[in-house]
Amino acid sequence: MRTIVFIETNKSGSSREAIKAAERLGYFTVLFTNRQKYIQQRTEFPEVHQMILVELSNKVELKKNLNELQKQGKQIKGIFSFVHSYVHLAAVLAEEFCKSVVSTDSILKMENKVLTRELLKGHPNSPYYALYTPDYPLELFISQATDYLPLILKSPASAGSKDVLLANNQSQLKVAIQELRKKNEQILLEEYLTGPQYLIEVLVHNGRVHIVAVIEQEITFSKRFIVTGYCLLPYINQRMYKSIHETVSSILRAFEMKNGACHLEMRLVNGIWKLIEINPRISGGAMNRIIEVGYGINLVEETIQLMLGNEPRLTRKHSKYVYAHYLTVDSRGKLNRVTGKELATEFPGVEEVYIKPRQGQIVRPPISMGDRCGYVLTSSNVKIEAKRMAIRAASQVHFYIDPI
């Protein structure tokens, strides 16, 4: 029985859609998860043929379960993860249990932001950075970093804007370092960049770089930098596309990536692309849907094909602007009810309205991407119309919250 094993998934978004894609491709799907609630909600995962509760930090236990699957007659064709922190783990296990073409070392360096910055040190598209460790005198470090303010501070393993702080002055810098070092042995400091920000979705097949999608990001800053808007750009002038392709190719050459998927967040600063971060997977959330609606390409499915050793099919079936407007709440509390979803769905151009939290769940103003409460997805042949329709439809959705 041809089997694909997935290491963890989210309830929705790219990682969940990857499992559905594997089922469509005719594979027996197995999910390794450490989330007890998924076992309790087992019937809500019909595309998962076998779900196994396992401690994902225990490699011995993981291998034991993989061996057991093989004893059951399952031919493991791939071991994948589309969830941050588990992509490298899945690649390492795949090297041992099945044929693997992915660039494992490249994935390791992309997963860790310190390794990324060290690898790209001196690269023209990498901004200034510094590394703080607790054994260094804090006051001395702050005095040396003052000339580079404002600075962004990150946990080396952060994802989705979690543990990412902005420091505009020495006082904020000290507070941010003290906050992050409670749970981090290293703290990454990076130059604060200004300019429009873009997300670039990439597949690398046999060393050839494919720019699958360029997405303009809209960022809202409150306590954290939260992306609240994504606009797929189907039409980019040749000069801009060439500069993106050259920059991405140069960065990926440094990583020596031969096969794999990644996405880069970059800012255009005074005409020069600067790398915010790179991750060895498709972006989560609505990204797969955005590309599917805009181009007719199911990127998670083509990523699976690539990682199985097949050539991905990246020819667009059509091209249109797609805008994803994310929903957030302004106060913390228990979600009582949500209204307006059906009304928003009926608006012109709306492709999908997704509400993430369930009734009774605790919601809060976003301090990470995971705190976003859903999205409205629209499409149009006109860029400004796609955004206008998404925001208009989203205004119909209301979250009623009971304070706690």
Gap between atom CD1 of Ile200 and atom OG of Ser283 - 0.5 Å precision: 11.5 Å
Glu118 vs Tyr129, side chain to side chain donor-acceptor pair (under 3.5 Å): CA-CA, chis, key distance, verdict: CA-CA 9 Å; Glu118 289 177 347; Tyr129 79 96; 5.2 Å; no
Whether Phe141 and Tyr136 hold their rings parallel, tilted or perpendicular, with breakpoints at 30° and 60°: perpendicular
Thr228 side chain to Glu218 side chain, donor-acceptor N/O pair below 3.5 angstrom: no
Qualifying residues under side-chain contact (heavy atoms from CB on, under 4.5 Å), relative to Arg388, sequence neighbours excluded: Glu385, Arg392
Worked check of salt bridge (Lys or Arg N to Asp or Glu O under 4.0 Å) between Glu17 and Arg289: CA-CA 9 Å; Glu17 288 168 32; Arg289 286 287 295 136; 5.3 Å; no
Partner of Thr9 by side chain to side chain contact (heavy atoms under 4.5 Å, CB included), out of Glu47, Arg16, Met51, Arg35: Arg16
Qualifying salt bridge (charged side-chain N to carboxylate O under 4.0 Å, His left out) pairs with a residue from residues 251-269, counting only residues at least two apart or across chains: none
Residue pairs, two or more places apart or on separate chains, that pass ring-ring contact (aromatic ring centres under 6.0 Å, His included) and touch residues 101-124: none
Close side-chain approach of Ile215 and Leu233, heavy atoms under 4.5 Å: no
Residue pairs, two or more places apart or on separate chains, that pass side chain to side chain donor-acceptor pair (under 3.5 Å) and touch residues 324-338: Asn336-Asp402
Contacts of type side-chain hydrogen bond (donor to acceptor under 3.5 Å, both in side chains), residue Thr43, not counting sequence neighbours: none
Salt bridge (charged side-chain N to carboxylate O under 4.0 Å, His left out) partners of residues 80-90, not counting sequence neighbours, each pair once: none
Straight-line distance of Leu189 CG to Leu173 CG, nearest 0.5 Å: 6.0 Å
Residue pairs passing the side chain to side chain donor-acceptor pair (under 3.5 Å) test where at least one lies in residues 18-30, sequence neighbours excluded: Arg2-Tyr27, Glu23-His49, Arg24-Glu301, Thr29-His49
Neighbour count >12 (heavy atoms, 6.0 Å) for atom NZ, Lys59: no
Residues which pass side-chain contact (heavy atoms from CB on, under 4.5 Å) with Asn65, listed by chain and number, not counting sequence neighbours: Phe32, Ile52, Val54, Glu61
Within 6.0 angstrom of Arg42 CZ, more than 12 heavy atoms from elsewhere: yes
Close side-chain approach of Ile278 and Leu252, heavy atoms under 4.5 Å: yes
Qualifying salt bridge (charged side-chain N to carboxylate O under 4.0 Å, His left out) pairs, either residue in residues 79-100, two or more places apart: Lys63-Glu96
Set of side-chain contact (heavy atoms from CB on, under 4.5 Å) partners for Glu191, sequence neighbours left out: Pro127, Tyr128, Leu193
Steps toward salt bridge (Lys or Arg N to Asp or Glu O under 4.0 Å) verdict (Glu190, Arg117): CA-CA 9 Å; Glu190 297 176 347; Arg117 290 304 180 201; 2.8 Å; yes
Arg316 (side chain) donor-acceptor with Pro234 (main chain) under 3.5 angstrom: yes
Any donor-acceptor N/O pair, His263 side chain to Glu277 backbone, under 3.5 Å: no
Contacts of Lys174 that satisfy side-chain contact (heavy atoms from CB on, under 4.5 Å) - sequence neighbours left out: Leu138, Glu139, Ile142, Gln178
Selection residues 268-324 - residue pairs positive for ring-ring contact (aromatic ring centres under 6.0 Å, His included), sequence neighbours left out: Tyr198-Trp273, Tyr235-Tyr321
